[in-house]
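Given the structure is predicted, the values throughout are model-derived calculations rather than measurements.
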Amino acid sequence: MRIMVLGGDGYLGWPTAMHLSGRGHTVAVVDNMARRAWDYEFGAESLTPLCSLQERIATWQTLTGRSIAAYIGDLTDYTFFEPAVRDFQPDAIVHYGEQRAAPYSMIDRRHAVFTQVNNIVGTLNVLYAIADHVPDCHLVKLGTMGEYGTPNIDIEEGFITITHNGRTDTLPYPKQPGSFYHLSKVHDSHNIMFCCRIWGIRATDLNQGVVYGVDTEETAIDERLATRFDYDGVFGTVLNRFIVQAVAGLPLTVYGQGGQTRGFLDIRDTLACVELAILNPPDKGEYRVFNQFTEQFNVLELAQAVKAAGEELGMPVMIHNLPNPRVERESHYYNAAHTKLLDLGLKPHYLNETLIDSMFEVVQQHRSRIKEELVMPGVDWRRTHNEVAVTGAPVAA
Ligand code: NAD
Ligand code: USQ
């Protein structure tokens with residue numbers, strides 16, 4: 001199959017591109033390198049050293065004999081993206097190419113506007129390019145479990161059947177997201193569902209949980225193929241952050257009570273889920289939703305697991321409950337369905353297999369690169385003292 005990976009220079013996009021290329025697909029990546037620029041905004045850096053996209057592609061070709069094409073440009077620019085799709089003629093497009101950090105979107109008005117314009121306009125351009133040039137192409141779009149929020153009822157996979165005033169219908173599951181970033185994903189979902197209905201596009205919306213880990217079969221081949229590992233207070237996700245904090249001898253930053261429950265998955269399962277979605281496409285005009293995570297934990301449970309694993313390796317680990325910089329429920333019901341990918345054959349990797357073997361090892365290996373000043377959260381949802389607010393605008397808004 002011909003597969004285009006949007007955001008193919010990112011944490012998940014680059015390993016996905018290699019994974020699909022290694023399985024015989026013809027792969028092209030699209031990226032505007034924005035993620036690398038956002039690091040410059042804060043003086044942040046991936047814990048793992050990163051080669052340029054061009055060096056990654058050249059290394060992959062040398063070591064495997066497989067080529068990956070690259071289109072460097074911005075998805076919000078249709079004069080760039082339309083010819084790229086017309087030229088490559090993808091059978092499937094995997095869309096990771098968005099601004100994905102909730103804290104980044106909550107810094108100030110400019111970052112909120114940037115996030116929503118970047119994500120929503122980019123996805124609209126993807127939808128138009130498919131409709132205009134490759135109407136049979138399958139869009140595999142990365143959404144987020146955070147679209148649903150934390151309702152006091154079970155979360156279904158995209159849709160819920162409701163009986164109201166004696167009549168019954170199956171409707172999109174209600175969305176109560178917790179940041180302007182998560183809201184951008186809800187808006188994307190509505191636009192994708194609409195385009196499936198009016199133009200007959202086929203799409204899979206993967207409502208993914210929080211991803212952890214950094215090693216995949218392909219990144220392990222050579223350190224020049226490594227993917228990024230973020231641990232700073234803006235882009236770092238919770239488990240990656242906790243392990244860096246443990247290795248650096250810093251207390252684990254549990255926000256508030258730590259009862260916030262989320263779905264989680266290993267990076268290798270992200271790759272497997274995306275591949276399963278591609279190999280089992282929906283019908284023309286079908287908009288389907290898979291909840292993409294393998295286990296659910298609350299934040300305090302994760303901190304305790306990291307503490308136990310760290311102490312087994314001889315590191316004393318402290319847990320601190322910080323005042324929560326976010327506005328979110330800290331103790332709540334959470335039970336989310338996630339059977340559709342398992343039905344397609346997903347064989348999950350579980351957290352207790354990965355923590356010590358892989359994640360601690362990688363973080364210890366790059367311990368000297370940890371910048372302690374980046375670890376504390378700097379973005380407050382209440383906008384009272386956002387220390388990371390910067391003067392350079394990512395876009396005019
Ligand atoms: P990432 O920031 O590492 O990668 C995103 C890539 O997209 C970057 O390389 C960036 O340069 C590129 N990009 C952004 N805007 C672009 C634009 N307008 N044009 C071209 N390229 C653009 O993010 P990630 O962690 O790899 O996440 C990928 C996707 O998966 C995101 O959509 C995210 O919302 C979703 N997701 C991630 C996680 C997670 O835990 N990492 C969890 C759930 C969902
Ligand atoms: N948290 C802490 N301490 C920390 C960091 C986070 O307690 O040091 C808490 C947060 O308050 C939150 C939970 O951990 O309750 C998860 O936070 P996170 O930063 O790991 O994840 P989140 O902001 O939700 O975003 C990440 C990705 C995003 C993706 C989302 C999936 O950055 O792209 O969409 O996970 S989900 O959480 O299912 O919405």
Would you say that [X] contacts [Y] through its side chain, given a criterion of any heavy-atom pair below 4.5 Å between the two side chains?
X: Pro325; Y: Val379; value: no
X: Leu53; Y: Ile72; value: yes
X: Tyr96; Y: Leu206; value: no
X: Tyr287; Y: Ile201; value: no
X: Tyr148; Y: Pro177; value: no
X: Ile370; Y: Leu47; value: yes
X: His138; Y: Asp91; value: no

Salt bridge present between [X] and [Y] (N-O < 4.0 angstrom):
X: Lys185; Y: Glu98; value: yes
X: Arg241; Y: Asp232; value: no
X: Glu147; Y: Lys175; value: yes
X: Arg23; Y: Glu275; value: yes

Within the side chain of [X], is there an N or O that forms a donor-acceptor pair under 3.5 Å with the backbone of [Y]?
X: Asp31; Y: Asp9; result: yes
X: Asn240; Y: Phe229; result: no
X: Thr48; Y: Thr227; result: yes
X: Thr163; Y: Gly166; result: no
X: Gln292; Y: Gly209; result: no
X: Gln260; Y: Val299; result: no
X: Asn291; Y: Glu156; result: yes
X: Thr216; Y: Val214; result: no

Would you say that more than 12 heavy atoms from the other residues, nucleotides or ligands in this model lie under 6.0 Å from the OH of Tyr333, or not? yes
Count the heavy atoms belonging to other residues, nucleotides or ligands that lie under 6.0 Å from CZ of Phe194, then report whether that count exceeds 12. no
In chain order, what residues pass the side chain to side chain donor-acceptor pair (under 3.5 Å) check against Asp87, with sequence neighbours excluded? Tyr71
So, using side chain to side chain donor-acceptor pair (under 3.5 Å) as the criterion, who are the partners of Gln257 when residues are at least two apart? none
Among Thr204, Asp188, Asp205, exactly one meets side chain to side chain donor-acceptor pair (under 3.5 Å) together with Lys141. Which residue is that? Asp188
Using 30° and 60° as the class limits, which term best fits the ring planes of Phe264 and Tyr212: parallel, tilted or perpendicular? tilted
Could you tell me if [Y] and [X] have a donor-acceptor pair between their side chains, going purely by distance under 3.5 Å?
X: Glu361; Y: Ser358; result: no
X: Thr161; Y: Thr170; result: yes
X: Tyr255; Y: Asn321; result: no

According to the salt bridge (charged side-chain N to carboxylate O under 4.0 Å, His left out) rule, which pairs have a member within residues 321-339, sequence neighbours left out? Arg262-Glu328
Tell me, which pairs form a salt bridge (charged side-chain N to carboxylate O under 4.0 Å, His left out) where one or both residues lie in residues 292-304, sequence neighbours left out? none
What about Leu252 and Phe297, same hydrophobic cluster or not, with Ile/Leu/Val/Met/Phe/Trp/Tyr joined at side-chain heavy-atom distances under 4.5 Å? yes
Run the numbers on Glu41 and His111 for side chain to side chain contact (heavy atoms under 4.5 Å, CB included), then give the verdict. CA-CA 12 Å; Glu41 208 178 314; His111 289 78; 2.7 Å; yes
Could you tabulate the donor-acceptor pairs under 3.5 Å formed by side-chain atoms of residues 127-137, not counting sequence neighbours?
unit_1: Asp132; atom_1: OD2; unit_2: Tyr78; atom_2: OH; d: 3.0
unit_1: His133; atom_1: NE2; unit_2: Glu82; atom_2: OE2; d: 3.0
unit_1: Asp136; atom_1: OD1; unit_2: Lys284; atom_2: NZ; d: 3.2

Residues at least two apart in sequence or cross-chain that pass side chain to side chain contact (heavy atoms under 4.5 Å, CB included) with Asp222, listed by chain then number, are Thr59, Leu63, Arg224, Leu225
Salt bridge (charged side-chain N to carboxylate O under 4.0 Å, His left out) with Asp230: of Lys371, Arg36, Arg35, only one passes, and it is Arg35
Is the distance between the ring centroids of Tyr104 and Phe235 less than 6.0 Å? yes
